[in-house]
Asks: 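Have a look at this one.
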Amino acid sequence: MSILIKGGKVVGPSGAHHADVLVDGEKVAALFDPSYDEDVHADQVIVATGKYVIPGGIDAHTHMELPFGGTAASDTFDTGTRAAAWGGTTTIIDFAVQRTGEVVQDGLAEWHRKADGNCHIDYAFHMILGGVDDDALKAMDQLVHDEGVTSFKLFMAYPGVFYSDDGQVLRAMQTARENGAMVMMHAENGIAIDVLVQQALARGETDPIHHGLTRPEALEAEATHRAIRLAEVAKDCPLYIVHLSASQALEEVAAARDAGRNVFAETCPQYLYLTLEDQLGAPGFEGAKWVCSTPLRSKHENHQRDLWKGLRNNDLAIVSTDHCPFCMKDQKELGLGDFSKIPNGIGGVEHRVDLVYQGVVDGKISLERWVETIATTPARMFGLYPRKGIVAPGSDADIVVYDPAGRTRIGVQSHHMNMDYSAYEGFEIAGKVDTVVSRGEVIVADGNYHGRKGRGQFLERGLSSYLL
Ligand SMILES: [Zn+2]
């Protein structure tokens with residue numbers, strides 16, 4: 001099966017140019033100057049005139065079916081990867097989980113069981129370490145060498161659940177420095193946050209907004225700083241800060257990067273568009289929809305302006321979703337009368353490509369940075385490049401035809417995620433995913449879905465190719 005994508009503008013991190021793209025089987029075979037392809041024959045022609053041809057999106061941070069707070073994220077690998085495909089994402093990197101006291105490899109096996117045969121697009125795993133000890137450190141080596149899992153997430157938050165103390169963090173970083181893995185960090189000072197949470201509840205402050213008010217930006221910045229200094233002690237272990245939301249934390253990352261350190265960070269669409277006051281502070285229990293950690297930040301400070309700037313200058317390398325959806329009914333409602341019991345998470349895997357594209361329309365980032373932050377850098381950062389993340393000969397034919405003249409209206413009626421609300425209800429994007437190709441197969445076209453569960457493959461990842 002061959003496909004010719006004709007007349008579009010191919011966008012990559014180093015520029016945009018008119019080219020026709022020939023797909024042969026699962027791979028990109030060639031890019032042609034449009035005046036040279038008269039004699040190229042293909043089984044199928046996709047006309048992309050006036051549209052962008054970009055690499056399929058890579059969402060490097062998702063939590064399908066994650067057990068959390070007495071319930072589990074509402075998207076399965078089936079529903080979540082299907083929704084991702086609708087939104088132009090053709091690869092996810094999900095987080096397998098080792099809970100405290102469990103064997104790391106058992107956690108990885110459990111995630112393989114959940115995902116195997118259920119994914120609509122390709123997928124890979126990071127590993128969450130909830131209990132760093134001698135066995136877990138040995139397991140890190142094994143996962144890097146044998147399992148294609150080359151990044152490990154630690155938590156400075158959630159004492160008693162996923163929390164690692166500084167000694168555990170340092171030991172994991174030292175091990176990663178030796179085996180080449182990336183350490184990913186949930187950087188919030190969870191011990192201090194838990195004190196603030198108990199004090200707030202004792203004062204009778206139970207509404208969702210107190211979730212944000214008890215997780216002040218200083219405690220994100222402090223943990224970010226501490227993680228960076230611990231990585232320095234671990235002889236410059238590569239460090240990736242997940243879901244960065246606060247200007248002060250971004251300053252810590254920027255300072256480390258200015259000093260030439262292998263420190264990277266991602267942000268998420270919710271931090272680029274939503275705020276503590278307008279969403280988390282919505283009347284009654286409504287704000288529960290936007291309870292996530294790190295929390296949404298105040299609109300009276302300049303976080304969003306600073307995050308967009310960070311995306312422009314690469315202090316923020318990637319936009320991921322931290323997709324972790326919970327329905328209001330029976331799930332978010334677990335926290336009625338106590339914000340600390342609201343499951344933490346926002347669903348957005350379907351909307352990332354559009355929401356970041358809106359930043360291009362608004363003049364906040366370039367077309368090239370759009371592609372780089374949603375596809376190319378995630379591939380390079382997490383050992384998938386050049387198989388993924390670029391439209392080039394030899395790469396997997398994961399391609400999105402994006403229509404800048406189209407419009408996307410986001411809402412619960414039209415989305416495909418398994419959520420009973422949308423965190424972005426009513427948002428209008430000045431652009432639209434037109435056609436999605438995943439390993440040479442057209443899975444979205446003309447507003448119809450042609451993919452199927454089980455066609456997505458597990459990707460063994462190599463080491464990061466993004467390091468200094
Ligand atoms: Zn997460």
Side-chain angles (χ1 to χ4, degrees), residues 58-69 71-77 80-81 83-84 89 91-99 107-108 110-111 114-115 123-130 149 151-159 161-164 169 182-190 193 211-212 215 219-220 223-224 227 239-246 249 264-272 274 289-297 307 316-326 331-332 342-352 374 378 381-382 417 419 423:
I58 300 173
D59 193 337
H61 190 154
T62 69
H63 298 285
M64 305 305 173
E65 305 180 51
L66 176 75
F68 191 98
T71 183
S74 57
D75 265 320
T76 61
F77 278 92
T81 58
T89 287
T91 302
I92 61 163
I93 313 179
D94 203 86
F95 286 86
V97 177
Q98 175 225 11
R99 294 174 205 84
L108 180 60
E110 185 184 340
W111 251 255
K114 291 182 201 222
Y123 63 99
F125 294 134
H126 311 287
M127 190 81 218
I128 285 174
L129 297 180
V149 175
S151 40
F152 299 87
K153 184 180 179 188
L154 303 171
F155 288 79
M156 298 167 111
Y158 303 129
V161 186
F162 293 129
Y163 177 80
S164 289
V169 169
M182 177 80 71
V183 167
M184 308 172 77
M185 190 62 74
H186 180 130
E188 287 187 296
N189 185 326
I193 285 168
H211 169 80
R215 307 181 90 90
L219 294 181
E220 183 188 354
T224 303
L239 174 66
Y240 180 94
I241 306 292
V242 295
H243 51 55
L244 188 148
S245 69
F264 313 98
E266 68 177 17
T267 191
C268 312
Q270 52 269 36
Y271 308 119
L272 295 167
L274 311 176
K289 291 176 176 174
W290 296 280
V291 165
C292 58
S293 298
T294 56
L296 302 182
R297 297 298 177 187
L307 294 179
L316 292 171
I318 289 174
V319 181
S320 307
T321 58
D322 195 7
H323 179 76
C324 194
F326 296 98
Q331 295 200 300
K332 292 283 188 179
I342 300 170
N344 285 207
I346 285 183
V349 74
E350 188 169 348
H351 305 310
R352 182 185 62 119
I374 61 161
M381 187 73 73
F382 295 112
M417 299 176 290
M419 286 174 76

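One-based numbering, in listed order, for ligands and for the atoms of each.
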Asks: Would you check if the side chain of Q331 reaches a backbone N or O of A72 as a donor-acceptor pair within less than 3.5 Å?
Replies: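 Yes; at least one donor-acceptor contact below 3.5 Å.
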Asks: Which protein N, O or S atoms sit under 2.8 Å from the Zn ion (ligand 1)?
Replies: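 Atoms qualifying: H61 NE2, H63 NE2, D322 OD1.
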Asks: Please check if the side chain of E350 supplies one atom and the backbone of A84 the other of a donor-acceptor pair under 3.5 Å.
Replies: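 Side chain of E350 to backbone of A84, a donor-acceptor pair under 3.5 Å: no, none is there.
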Asks: Is there a ring-ring contact (aromatic ring centres under 6.0 Å, His included) between F162 and H186? Walk through the geometry before answering.
Replies: CA-CA 10 Å; F162 293 129; H186 180 130; 9.2 Å; no
Asks: Tell me whether T62 contacts the main-chain N or O of T321 through its side chain, where contact means a donor paired with an acceptor under 3.5 Å.
Replies: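 No: the side chain of T62 does not pair with the backbone of T321.
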Asks: With distance as the sole test, does D75 use its side chain to make a donor-acceptor pair with the main-chain N or O of M417 at under 3.5 Å?
Replies: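 Judged by distance alone, no pair lies under 3.5 Å.
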Asks: For E220, which residues count as a salt bridge (charged side-chain N to carboxylate O under 4.0 Å, His left out) partner, sequence neighbours excluded?
Replies: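 E220 satisfies salt bridge (charged side-chain N to carboxylate O under 4.0 Å, His left out) with R297 only.
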